[in-house]
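Working notes for the structure below.
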Amino acid sequence: MSQIVVVGSCSMDLVVTSNKRPNAGETVLGESFKTVPGGKGANQAVASARLGADVYMVGRVGDDAYGQDIVNNLQAQGVRTTYMKSVTEMESGTAHIILAEGDNSIVVVKGANNEVTPDYVKEALSTIDDIGMVLIQQEIPEETVEAVCAICSENEIPVILNPAPARKVTQQILDQAAYITPNEHEAALMFDRLTIEEALRQYPNKLLITEGKNGVRYFDGSKEILVPGYPVKAVDTTGAGDTFNGALAVALTEGKPLYDALAFANFAASISVTKFGAQGACRQEKNWRERNEKKRHLKQSHRQGTR
Ligand code: RIB
């Protein structure tokens with residue numbers, strides 16, 4: 001099977017839960033504090049690996065305890081870490097998360113993620129064989145996102161750009177990425193001169209706008225399509241978008257048609273919100289996948305009378 005390469009951020013998430021989100025200048029009491037692995041890149045890599053893909057993470061950590069824990073966690077999840085070099089002069093990336101009133105607020109300090117430079121990534125991409133898909137997000141320098149899109153377009157490697165956190169991107173990036181997966185807020189910022197409908201029409205089968213539990217919307221060349229989400233009881237939505245992107249990469253690399261790949265990614269994301277932590281519930285996706293594949297196989301055999 002060809003490899004999925006995730007270029008992006010790896011961080012430690014410092015998560016506080018509280019009944020109330022503090023206003024500016026206010027102090028509130030929290031319920032709990034936990035330290036769990038996160039970072040959009042690492043979350044996506046872990047989701048893809050848990051779904052059975054062969055995954056490389058291309059990122060950087062500080063030469064500190066968090067950095068060691070981040071790399072150990074990736075390895076424990078079956079992600080290849082050859083291109084996870086540590087930098088001495090910077091601390092590992094951290095995300096400071098408040099879970100309150102049913103949603104999260106996050107402040108990211110990029111730290112060593114700023115050292116995921118174009119040169120660092122070029123070296124990795126030129127030495128990994130048989131790359132089927134590259135996944136990239138925006139917690140690393142913008143010039144790296146540009147360089148990755150350019151290298152991949154030259155080598156005909158499809159790129160999924162998950163433009164989170166939101167920032168404006170160049171036309172070159174929009175043209176060279178094979179798939180772009182903003183949520184509604186990110187899409188509004190990226191395409192501020194267009195309505196969402198116009199943006200979807202401009203990038204058929206490429207711009208895939210996620211709408212949380214509603215699902216994901218795209219334009220198939222003749223009509224707008226909503227691939228519905230799956231209703232679940234959400235415990236923690238942190239990282240749901242990352243699981244969506246990791247699962248989408250797996251499904252597309254396996255050759256699933258776009259609609260089916262999106263339905264698969266929606267399901268994986270819906271399961272991911274049922275447990276605490278950005279990587280917390282993904283483990284269950286594999287079981288879900290095995291169960292569903294068995295069911296589908298039984299149905300097919302039944303139809304063909306081979307049971
Ligand atoms: O997408 C969720 C991730 O965003 C968290 O794990 C946190 O690290 C932030 O970067």
Side-chain angles (χ1 to χ4, degrees), residues 6-17 33-50 57-62 64 66-67 69-71 73-74 77 79 84 90-100 102-116 135-142 144-145 160-167 180-187 189 210-213 216 234-249 265-266 268-283 285:
V6 182
V7 177
S9 57
C10 299
S11 301
M12 194 53 84
D13 289 357
L14 281 60
V15 191
V16 168
T17 60
F33 170 71
K34 286 201 177 78
T35 308
V36 288
K40 293 185 192 301
N43 298 342
Q44 295 179 8
V46 166
S48 295
R50 284 175 176 172
M57 179 74 224
V58 178
R60 310 225 54 186
V61 287
D64 50 26
Y66 284 161
D69 288 350
I70 290 167
V71 174
N73 175 61
L74 287 169
Q77 304 299 330
V79 176
M84 281 300 306
M90 272 178 188
E91 72 287 356
S92 293
T94 47
H96 305 258
I97 304 181
I98 298 176
L99 291 184
D103 214 339
N104 59 37
S105 332
I106 308 182
V107 176
V108 172
V109 181
K110 287 199 281 175
N113 293 306
N114 270 321
E115 289 304 303
V116 183
L135 247 171
I136 192 158
Q137 336 69 38
Q138 301 193 142
E139 288 178 330
I140 55 172
E142 188 176 357
T144 306
V145 177
I160 300 178
L161 167 67
N162 173 221
R167 69 180 169 222
I180 307 168
T181 58
N183 63 24
E184 297 154 284
H185 309 292
E186 290 151 2
L189 189 138
T210 57
E211 296 181 2
K213 57 180 187 284
V216 53
V235 170
D236 179 4
T237 57
T238 314
D242 300 329
T243 301
F244 172 89
N245 280 279
L248 180 63
N266 275 347
S270 73
I271 293 172
S272 78
V273 305
T274 60
K275 289 263 164 68
F276 169 81
Q279 300 173 10
C282 315
R283 203 181 309 266
E285 287 154 24

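These values consider heavy atoms only, across backbone and side chains, with no hydrogens, waters or symmetry-generated copies. In this chain, residues are counted from 1 in sequence order. Order of appearance sets the numbers: ligands from 1, and atoms from 1 within every ligand.
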Name each N or O atom in ligand 1 that is under 3.5 Å from a protein N or O, and give the partner atom and the distance.
unit_1: ligand 1; atom_1: 1 (O); unit_2: Lys40; atom_2: NZ; d: 2.8
unit_1: ligand 1; atom_1: 1 (O); unit_2: Asp242; atom_2: OD2; d: 2.7
unit_1: ligand 1; atom_1: 4 (O); unit_2: Lys40; atom_2: NZ; d: 3.2
unit_1: ligand 1; atom_1: 6 (O); unit_2: Asp13; atom_2: OD1; d: 3.4
unit_1: ligand 1; atom_1: 6 (O); unit_2: Asp13; atom_2: OD2; d: 2.6
unit_1: ligand 1; atom_1: 6 (O); unit_2: Gly39; atom_2: N; d: 3.2
unit_1: ligand 1; atom_1: 6 (O); unit_2: Asn43; atom_2: ND2; d: 3.0
unit_1: ligand 1; atom_1: 8 (O); unit_2: Asp13; atom_2: OD1; d: 2.6
unit_1: ligand 1; atom_1: 8 (O); unit_2: Gly39; atom_2: N; d: 2.8
unit_1: ligand 1; atom_1: 10 (O); unit_2: Glu139; atom_2: OE1; d: 3.3
unit_1: ligand 1; atom_1: 10 (O); unit_2: Glu139; atom_2: OE2; d: 2.5

Inset, instruction - Please list, chain by chain and in numerical order, all residues satisfying side chain to side chain donor-acceptor pair (under 3.5 Å) with Thr94, sequence neighbours excluded. - result: His96
Legend entry - Main-chain N/O of Val15 paired with Asp13 side-chain donor or acceptor, under 3.5 Å: no
Legend entry - Gln137 vs Val6, side-chain contact (heavy atoms from CB on, under 4.5 Å): CA-CA, chis, key distance, verdict: CA-CA 9 Å; Gln137 336 69 38; Val6 182; 3.6 Å; yes
Inset, instruction - Under the salt bridge (charged side-chain N to carboxylate O under 4.0 Å, His left out) rule, collect the residues that match up with Glu211, sequence neighbours excluded. - result: Arg217
Inset, instruction - Would you please say whether a donor-acceptor pair under 3.5 Å links the side chains of Gln279 and Asn73? - result: yes
Inset, instruction - List for me each residue that meets side chain to side chain donor-acceptor pair (under 3.5 Å) alongside Thr144, sequence neighbours excluded, and say none if there are none. - result: none
